[in-house]
Number of protein chains: 2
Amino acid sequence: MASQNRAEKMEETRRKLIAAGRKAFADKGFAAASMDELTAQAGLTRGALYHNFGDKRGLMAAVVDQIDTAMATKAQAAGQEAGGGWAGLLAEGAAYIEMALEPEVQRIVLLDGPAVLGDPAQWPSQNRCLQATIETLLALEAEGLIKPVDIEALARLLNGVALNAAVWVAASEDAPATLPKALAAFECLASGVLKTAPPPAGETS
Amino acid sequence: MASQNRAEKMEETRRKLIAAGRKAFADKGFAAASMDELTAQAGLTRGALYHNFGDKRGLMAAVVDQIDTAMATKAQAAGQEAGGGWAGLLAEGAAYIEMALEPEVQRIVLLDGPAVLGDPAQWPSQNRCLQATIETLLALEAEGLIKPVDIEALARLLNGVALNAAVWVAASEDAPATLPKALAAFECLASGVLKTAPPPAGETS
DNA sequence: GAATTGACATACGAAGTGTATGTGGATTAA
DNA sequence: TTAATCCACATACACTTCGTATGTCAATTC
């Protein structure tokens, strides 16, 4: 059984390294994570790492992309589930905020990621997520609901607000108590994009 | 002349080390900055560094505090110069956005700072700045101008929006063209805190 | 002016990254 | 089937860097 060919086996080592990277980077942070330990824990050596990912940053990029892509997908799904439009925008933001409560997300994506890989706005995964927000905003604009402001700028800042809210909640002493405050403040700021007062909750468009 | 006593001399070495730290951390980033080079450039050795700041992070903390304190002071001044109130809040945000165009601020405070020192909201300097925003918001609340939302949450997210806008502008290809878009989007989101439409520009309260 | 303190330099050890080279199993071709 | 080749990964090495432990000399104190 399972007579893996070379390509399949290489895929498996990549998966093992990324998984070990997620754990090590989340537990110790990027700088303190030893590639010797990390690879040994995956049953490999640094040789495998440098062959597959080039260097330590390469593994970090792969790890960040995996987590961030999952986040974008989940947020987009939340937005569509809420029926798009204004409610969808809020749901997207709320989904981001809640996801960033996970320590793995906070440490790898929010703290070390930008320092190691540079501005998140340049990451491919973040661009995907940004695109989703832009589309939601364009739909709202088509309905004439929002103010005449540059859409890309709005989308970027909205995502930024959500991430900031998330970091705050995550760092707070009593996260469950802080979460609703953060969500309310997020909705408050987000409503600034609307020409008129937001519709009551539960309305689709 | 200038017969410095020990305390004065020690202050000078601290200043020299912090200055060299600012330059090295801004140019190469925290991780790539060599303490050997850095101290040599200041005409000292690592001995002085570890005696004065404990370790590499200690120097980073001192550098970040210096820059961040200057930012908070400048932003607060901009807010008061604009006459406080709603205009003051916008001026504070705009000041932040413009300051973060400096590469030194971007690299040290916005990228490496959080990764090395942890959540910026916990830094003493950031707390000072946050306090300023909170006071501005409280004044607006006293006038009955803003929605009933947790003030601290609002202040944190507002500062976050400003920082995000700054990072975006700084990373953009054509910063002068992006800046007005970012400022407009910032005003747009900030206006979400108001119960009613914002007063036209130039009004004091 | 002798003793002591302390600010800083020097020397050392431990760890980690990246690269250059080696190796054994899988693939290909005759 | 078997010999040649390839390549994914392991091993070994060179280099840098941090943090500490120890030394030293000038400034203060008695």
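Everything quoted here is computed from the prediction, not taken from an experiment.
Heavy atoms of other residues, nucleotides or ligands lying less than 6.0 angstrom from CD of B:Glu152 number more than 12. Surrounding CD of A:Gln66 are more than 12 heavy atoms belonging to other residues, nucleotides or ligands, all under 6.0 Å away. Counting non-hydrogen atoms of neighbouring residues, nucleotides and ligands closer than 6.0 angstrom, the NZ atom of A:Lys16 exceeds 12 such neighbours.
A donor-acceptor distance shorter than 3.5 angstrom exists from the side chain of B:Asn52 to the backbone of B:Ala48, with no hydrogens or angles considered.
Whole-Å rounding puts the B:Leu38 CG to D:dT16 P distance at 18 Å. As a whole-Å value, the separation of B:Arg57 CZ from D:dT17 C1' is 18 Å. Spacing between atom OH of A:Tyr50 and atom P of D:dA8 amounts to 18 Å, rounded to whole angstrom units. In this structure, CG of B:Asp36 is placed 13 Å from C1' of C:dC12, rounded to the nearest angstrom. Taking atom CZ of B:Phe53 as the reference point, atom P of D:dC18 lies 15 Å away to the nearest angstrom. D:dC7 atom C1' lies 15 Å from atom CZ of A:Arg14, rounded to whole Å. D:dA26 atom P lies 19 Å from atom CE of B:Met10, rounded to whole Å. Between the CG atom of B:Leu49 and the P atom of C:dC8 there is a distance of 11 Å, given to the nearest Å.
Nearest nucleotide to the A:Leu44 side chain, out of D:dA10, C:dC8, D:dG19: D:dA10. Listed nucleotides D:dC18, C:dT17, C:dC8 differ in distance to B:Met35; the shortest reach to its side chain belongs to D:dC18. For A:Ala48, counting side-chain heavy atoms from C-beta on, the closest listed nucleotide (C:dA7, D:dG19, D:dC9) is D:dC9. Across D:dG19, C:dG18, C:dA9, the shortest atom-to-atom separation from the side chain of B:Arg46 is found for D:dG19.
In secondary-structure terms, DNA chain D builds stems of at least 3 consecutive Watson-Crick or G-U pairs, each pair having both distances under 3.5 Å, at C:1-30 with D:1-30.
Paired with A:Ser125 under the rule side chain to side chain donor-acceptor pair (under 3.5 Å), one option of A:Thr69, A:Thr73, A:Asp68 passes, and it is A:Asp68.
Within the nucleic acid shown, A:Ser34 comes within 4.0 Å of sugar-phosphate atoms alone, with no base atom in reach, counting heavy atoms only. Residue-level contact check: A:Ala32 touches neither bases nor backbone, having no heavy atom under 4.0 Å from any strand. Within 4.0 Å (heavy atoms only), A:Ala33 reaches sugar-phosphate atoms of the nucleic acid but no base atom.
Looking at heavy atoms from C-beta onward, A:Ile97 lies in side-chain contact with A:Phe186 at the 4.5 angstrom threshold.
When the side-chain nitrogen and oxygen atoms of A:Thr13 are compared with OP1 and OP2 of D:dC9, one or more of them lie within a distance under 4.0 Å. Between A:Asn52 and the phosphate of D:dA8, there is no side-chain N or O to OP1/OP2 separation shorter than 4.0 Å. At C:dA7, one or more side-chain N or O atoms of B:His51 fall inside 4.0 Å of OP1 or OP2 (strictly under the cut-off).
Summarising the geometry of B:Cys188 relative to A:Leu154, their closest heavy-atom pair is SG-CD2, 4.0 Å, with the distance given to 0.1 Å.
Residues meeting the side-chain hydrogen bond (donor to acceptor under 3.5 Å, both in side chains) test with A:Asn159, sequence neighbours left out: A:Thr133.
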